[in-house]
Amino acid sequence: MTVIEDVTPLKQSHLPEKIIDREQEQQLLHKNLEVRNLHVHGPRGTGKTHLVKKAIGEAETRTCYINCLKHDTQYKALQQILSQLSQAEVKSGYHTSELQRRIEKQALDTTIVLDELDFLLLNDGDDLIYYLSRLENTPTITAITSNTEDLSEELEPRTYSSFQPRQIQFEPYTGEQIYEILADRAWKSLESRSVHRNAVTYIASTTQNIEIALTWLRTAAQKAEDTVTEDLVQEIKEEAFELYTETKLQHLSQHHRTLYQALKELSKEGDHVVQAGDIYQRYRKNASRQDGETLSDRRISDFLKQLEHLNLIEAKYHYGGRKGKTREIQLNKPT
DNA sequence: GGTCCACAGGAAGCCTTGGAGT
DNA sequence: ACTCCAAGGCTTCCTGTGGACC
């Protein structure tokens with residue numbers, strides 16, 4: 001017994017024909033995407049990627065979409081750009097300048113989207129942006145970030161001055177907007193009258209992140225005997241959050257997942273605020289039990305920062321005092 | 001005011017991978 | 001087949017931090 005007729009509209013990846021509540025942003029994107037550099041910024045789950053992808057689909061120029069969470073160095077991003085432009089796999093081993101030379105031959109009238117740019121900046125600096133924004137037949141670049149509000153603070157002055165993006169800000173969804181979107185998706189996806197209004201209201205009043213909201217409603221619908229009730233929604237809250245974090249972690253390494261698991265264990269065991277050193281210790285213990293391979297604390301420290309950027313954990317930095325220089329970390333209950 | 005805390009995070013170097021030249 | 005080169009992943013080493021405590 002299931003209330004789902006077609007699960008597609010409830011999937012986060014689904015791009016509906018009509019997008020609710022983002023008319024202004026959509027227009028800005030449509031008007032500017034192909035003619036000038038853009039910086040799209042806003043918290044997670046506000047529809048940035050979604051709308052940019054839709055704008056790409058409607059663009060007349062060629063487009064490249066790079067997810068910098070997966071391709072977090074200049075080199076890897078260049079490989080992706082070239083591979084999308086030439087429609088062929090590009091292996092490693094070439095000199096960066098060789099990739100750049102080949103891209104320059106092809107990059108005419110191209111729009112390049114760099115999603116999750118924070119991760120590339122964190123890992124490899126701004127060389128990629130500098131290079132792309134100074135190309136002779138300059139492609140237009142759209143950078144999407146969740147953590148970096150003001151790129152002029154993160155980029156070298158010389159990079160920012162040639163990049164000069166127009167900023168498009170995405171505000172968090174309001175409860176009413178989340179409600180409206182969920183209701184629309186539920187109507188397309190589920191049997192009629194199979195969702196209680198209170199159930200949707202509860203989700204909409206708990207989270208401003210549409211990605212979480214959709215995961216939540218979808219999970220509830222999959223569990224429902226014949227109706228999605230508020231009780232059911234409340235009951236599966238934790239499970240839905242876990243599913244959301246799993247999808248966020250799936251693009252990262254097993255070490256990231258072991259690290260996250262270590263923090264989860266420690267916060268379950270008592271203190272919900274944990275010190276970095278304790279997490280490293282637990283990570284080492286768990287990783288060596290799993291397959292023996294453990295990474296250094298230095299490396300894991302970088303991974304911890306990535307989890308912070310994904311908004312999965314919250315870190316408070318101490319630069320002195322009785323605790324010394326450390327981070328106090330807690331799980332982020334995504335809202 | 002000197003020492004300690006408990007790491008953060010930069011720099012340098014090692015190892016592996018894969019293309020290019022001979 | 002061999003050597004050379006460049007890139008990323010990772011480790012090792014090291015310096016810096018600033019309030020608490022003596």
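Order of the sequence lines sets the chain letters (A, B, ...), proteins ahead of strands, with each chain counted from 1. On a predicted model such as this, the values are computed, not experimentally measured, just so you know.
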Can you find a donor-acceptor N/O pair under 3.5 angstrom joining the side chain of Arg298(A) to the base of dG10(B)?
yes
What pairs with Thr201(A) under side chain to side chain contact (heavy atoms under 4.5 Å, CB included), at least two apart in sequence or on another chain?
Tyr179(A), Arg197(A)
Classify the ring geometry of Phe303(A) against His256(A): parallel below 30°, tilted from 30° to 60°, perpendicular beyond 60°.
parallel
Range on DNA chain C touched by chain A - first to last nucleotide, heavy-atom distance under 4.0 Å
dA6(C) to dC21(C)
Expressed in angstrom and rounded to an integer, what is the separation of Asp302(A) atom CG from dA11(B) atom P?
13 Å
Glu180(A) and Arg185(A) ion-paired at < 4.0 Å
no
Looking at Glu176(A), Gln177(A), Glu171(A), which hits side-chain contact (heavy atoms from CB on, under 4.5 Å) with Tyr173(A)?
Gln177(A)
Whichever of Gly324(A) and Ile329(A) has its nearest DNA chain B nucleotide further upstream toward 5':
Gly324(A)
Could you state the CD-C1' distance from Glu308(A) to dG9(B), rounded to the nearest angstrom?
14 Å
Can you name the nearest heavy-atom pair linking Ser267(A) to His272(A), along with the distance?
CB-CA, 4.0 Å
Check whether any side-chain nitrogen or oxygen of Tyr319(A) sits under 4.0 Å from OP1 or OP2 of dC5(B), and answer yes or no.
no
Would you mind reading off the distance between Arg299(A) atom CZ and dA8(B) atom P, rounded to a whole angstrom?
15 Å
If you take the centroid of each ring, where Trp contributes its six-membered ring, are Trp216(A) and Phe241(A) closer together than 6.0 Å?
yes
Would you tabulate the pairs of protein nitrogen or oxygen atoms and nucleotide nitrogen or oxygen atoms of nucleotides 17-22 of chain B closer than 3.5 angstrom?
| from | atom 1 | to | atom 2 | distance (Å) |
| --- | --- | --- | --- | --- |
| dG18(B) | O3' | Ser92(A) | O | 3.2 |

Hey, is NE2 on His14(A) packed in by over 12 heavy atoms from elsewhere, all under 6.0 Å?
yes
Tyr317(A) atom OH is separated from dA8(B) atom P, nearest whole Å, by 8 Å
Ring centroid separation for Phe119(A) and His309(A), is it under 6.0 angstrom?
yes
Heavy atoms only, 4.0 Å cut-off, all strands: where does Thr294(A) land among base, sugar-phosphate and nothing?
sugar-phosphate
Give the rounded distance in Å between these two atoms: CG of Leu122(A) and C1' of dG9(B).
11 Å
Pick out which of Glu293(A), Gln290(A), Arg289(A) makes a side-chain hydrogen bond (donor to acceptor under 3.5 Å, both in side chains) with Thr258(A).
Gln290(A)
Can you tell me how far P of dC7(B) sits from NZ of Lys305(A), to the nearest Å?
16 Å
